[in-house]
2 protein chains.
Amino acid sequence: MKVFVIGLGLIGGSFALDLKASLKNVKIFGIDEREDHLEQALELGLIDTKAELNDLNIADLVFLAIPVDVSLNVLPKILDLVNDNCVVIDAGSTKEHLCKTVSSHSKRRNYLAGHPIAGTEFSGPKAAIHGLFRNKTNIICEVEKTAFKLQERALEIFQAIGMRIRYMDPASHDRHIAYVSHLSHISSFMLGKTVLEKEKNERDIFDLAGSGFASTVRLAKSSPAMWTPIFNQNKKNVMETLDEYISNLKHFRRLMEEDNFEEVFSEMERTNHIREVLNGLNKNEEFKIVENGK
Amino acid sequence: MKVFVIGLGLIGGSFALDLKASLKNVKIFGIDEREDHLEQALELGLIDTKAELNDLNIADLVFLAIPVDVSLNVLPKILDLVNDNCVVIDAGSTKEHLCKTVSSHSKRRNYLAGHPIAGTEFSGPKAAIHGLFRNKTNIICEVEKTAFKLQERALEIFQAIGMRIRYMDPASHDRHIAYVSHLSHISSFMLGKTVLEKEKNERDIFDLAGSGFASTVRLAKSSPAMWTPIFNQNKKNVMETLDEYISNLKHFRRLMEEDNFEEVFSEMERTNHIREVLNGLNKNEEFKIVENGK
């Protein structure tokens with residue numbers, strides 16, 4: 001199988017690694033704007049050979065893992081270039097704009113809109129890791145618009161690298177993912193900013209920070225080049241989550257100001273329920289396909 | 001050495017474990033309001049025997065690890081009860097009120113005000129773990145008010161369990177720790193609240209949450225009984241950090257609203273500097289005593 005990975009960062013690189021480890025007779029062709037990333041991807045063994053968009057006519061599968069604003073331009077071109085039996089899968093964190101952009105493309109049936117919920121705060125080919133996708137969720141949007149046999153090929157591959165599948169429409173995806181992913185990044189970036197600003201003249205102060213701070217601020221290491229277009233494309237939903245988050249913070253502050261520490265306690269106690277939710281996340285579930293219909 | 005650990009939760013229990021592993025001839029006496037915690041601590045081997053406050057006259061060292069509001073009441077009583085050669089160390093996350101409370105106690109010289117920057121989001125005796133304090137920072141306040149030979153004993157013990165030491169005055173401690181610890185907990189609790197509220201009718205939605213959300217919301221699992229009195233005692237500083245955090249979030253929201261995504265990018269890029277700060281945190285430093293004079 002000839003697989004073209006476009007964008008050899010954390011996600012594209014890890015997908016290439018997992019594919020090579022899970023399937024026989026796979027040849028990985030790498031495409032990236034950055035020559036240094038292509039060279040690194042070759043050296044690290046993420047890809048077998050460098051390629052260009054014009055080579056896409058021989059591809060059986062294309063995996064697109066680039067910033068979501070660039071995808072809007074590149075995905076239609078990819079669909080123009082691939083053959084009728086090729087499936088093109090993307091990995092972007094927003095789905096509504098992209099699905100709309102290609103909705104009337106003559107090769108829409110060759111595209112499968114995906115969003116693997118996997119990653120770290122690092123980026124670039126060197127950030128690629130084996131097994132990144134194992135037991136992680138891949139959200140598939142508008143599956144009915146993809147040709148049946150291409151759906152099947154994509155699902156076999158997701159199964160091979162250990163992903164579980166959830167199906168959603170693009171608008172629901174973007175609305176929910178704003179809460180469980182995009183908001184976390186802003187809360188973390190702004191926490192980092194707040195502490196860095198306050199402590200800029202106090203280098204030693206970070207000696208006082210423990211693992212709790214490190215955990216909460218981890219996502220503030222994420223790539224601005226990846227996240228800016230995500231916030232842009234999901235602006236409406238993200239602003240709504242921000243409004244609710246700010247309103248909750250103000251409420252907490254007001255309770256403190258009024259010395260209503262009984263209610264401060266209750267606020268935290270109610271939120272402790274997140275324990276069970278997170279325990280669910282950490283369960284090492286076997287691969288399963290669940291049609292949840294949302 | 002007869003060590004009394006008062007409060008057999010995560011911190012007290014872990015201290016007992018590390019002490020037994022690091023020093024010879026240590027006998028651990030456990031005191032806790034909760035009989036079930038005492039029993040668990042015995043079963044888990046955290047303590048050698050149960051004890052009561054009235055036994056404190058035989059103690060060489062008392063380690064106090066209870067909620068900070070209870071410490072205000074209990075620490076003076078402990079100092080009343082211990083002998084002149086006993087050092088009493090606490091582990092609370094706020095230092096100003098407690099130091100003031102015992103400032104004119106006749107046995108002030110027997111007390112060492114400490115704050116080990118170590119912990120997890122779990123609580124109770126079962127949360128105690130070996131090596132919790134290794135390579136972690138212990139902040140010592142008003143060291144000059146502790147009798148010299150008792151300082152020495154305490155430092156030997158901190159060294160034995162692998163802690164590094166920073167010295168600070170109580171007011172600076174409370175101000176800085178509001179930024180690098182207390183604010184993280186509120187940001188995490190309110191993030192958890194925001195997502196739980198929104199998704200309360202959407203149980204499946206947490207299938208979409210990844211490791212980033214788990215990391216950012218981890219501290220929302222923390223104990224309200226521990227954290228409510230901390231926020232109460234450090235109210236002024238914590239409210240200041242909250243004001244700055246909310247202001248930064250509003251600014252980010254405004255940039256999005258104005259479609260100023262160039263500046264959204266810059267905000268994140270500047271905050272990426274937290275990478276180097278966190279790398280510093282993760283360094284597995286050897287034990288060292290640094291007098292940083294803040």
Relative to chain A, which segment of B/Lys250 carries a heavy atom at a distance below 4.5 Å: side chain, backbone, both, or neither? both

Chain A: which of B/Met268, B/Met256, B/Glu269, B/Lys235 shares the most heavy-atom pairs with it under 4.5 Å? B/Met268

Hey, are the side chains of B/Val217 and A/Ser184 touching, using non-hydrogen atoms and a 4.5 Å cut-off? no

Which atoms of B/Ile186 approach chain A - backbone, side chain, both or neither, heavy atom under 4.5 Å: both

Given the options A/His251, A/Arg270, A/Glu244, B/Lys193 meets side-chain contact (heavy atoms from CB on, under 4.5 Å) only with A/His251

Are any non-hydrogen side-chain atoms of A/Pro224 and B/Asn272 less than 4.5 angstrom apart? yes

For residues A/Phe231 and B/Phe252, establish whether the separation of their ring centroids is below 6.0 Å. yes

Pick one of side chain, backbone, both or neither for A/Ile139, based on which atoms fall under 4.5 Å of a heavy atom in chain B. side chain

Rounded to the nearest 0.5 Å, how far apart are OG1 of B/Thr194 and CG of A/Leu183? 6.5 Å

Grab the two heavy atoms, one from B/Ser211 and one from A/Gly119, that are nearest each other, plus how far apart they are. OG-O, 3.8 Å

Are the side chains of B/Lys221 and A/Ile274 in touch, meaning some heavy atoms are under 4.5 Å apart? yes

Using non-hydrogen atoms only, which part of B/Glu257 is less than 4.5 Å away from chain A: side chain, backbone, both, or neither? both

Part of B/Ser181 within contact of chain A (heavy atom distance under 4.5 Å): neither

Can you measure from CD1 (B/Ile246) to OG (A/Ser247) and round to the nearest 0.5 angstrom? 9.5 Å

Heavy atoms only, distances under 4.5 angstrom: which of A/Ala220, A/Gly192, A/Ser188 has the most pairs with chain B? Name it, please. A/Ala220

Please look at B/Ala225 and chain A and tell me whether the side chain, the backbone, both or neither of the residue comes under 4.5 angstrom of a heavy atom of that chain. both

Given the options B/Thr120, B/Asp243, B/Thr241, B/Asp259, which has more heavy-atom pairs under 4.5 Å with chain A than any of the others? B/Asp243

Contact leader toward chain B among A/Val195, A/Asn232, A/Asn138, where contacts are heavy-atom pairs under 4.5 Å: A/Asn232

Are the side chains of A/Glu267 and B/Met190 in contact, using a 4.5 Å heavy-atom criterion? yes

Return the option, out of A/Val238, A/Ile117, A/Leu249, A/Thr137, with the maximum number of heavy-atom pairs under 4.5 Å with chain B. A/Leu249

Over all atoms of both residues, closest heavy-atom pair of B/Val180 and A/Ala209: CB-CB, 3.9 Å

Roughly how far, to the nearest 0.5 Å, is the CD atom of B/Glu197 from the OH atom of A/Tyr245? 13.0 Å

Evaluate the side-chain proximity of B/Leu208 to A/His115: yes if any heavy-atom separation is below 4.5 Å, no if none is. no

For a 4.5 angstrom cut-off between non-hydrogen side-chain atoms, does A/Pro229 reach B/Phe261? no

For B/Glu240, is it the side chain, the backbone, both or neither that has a heavy atom under 4.5 Å from a heavy atom of chain A? side chain

Please classify the contact of B/Ile177 with chain A as side chain, backbone, both or neither, using a heavy-atom distance under 4.5 Å. side chain

Pick one of side chain, backbone, both or neither for B/Lys136, based on which atoms fall under 4.5 Å of a heavy atom in chain A. neither

Chain A contact via B/Ser222 - which portion, at a heavy-atom distance below 4.5 Å: backbone

Residue selection (most heavy-atom pairs with chain A, distance under 4.5 Å) from B/Leu242, B/Val264, B/Leu191: B/Leu191

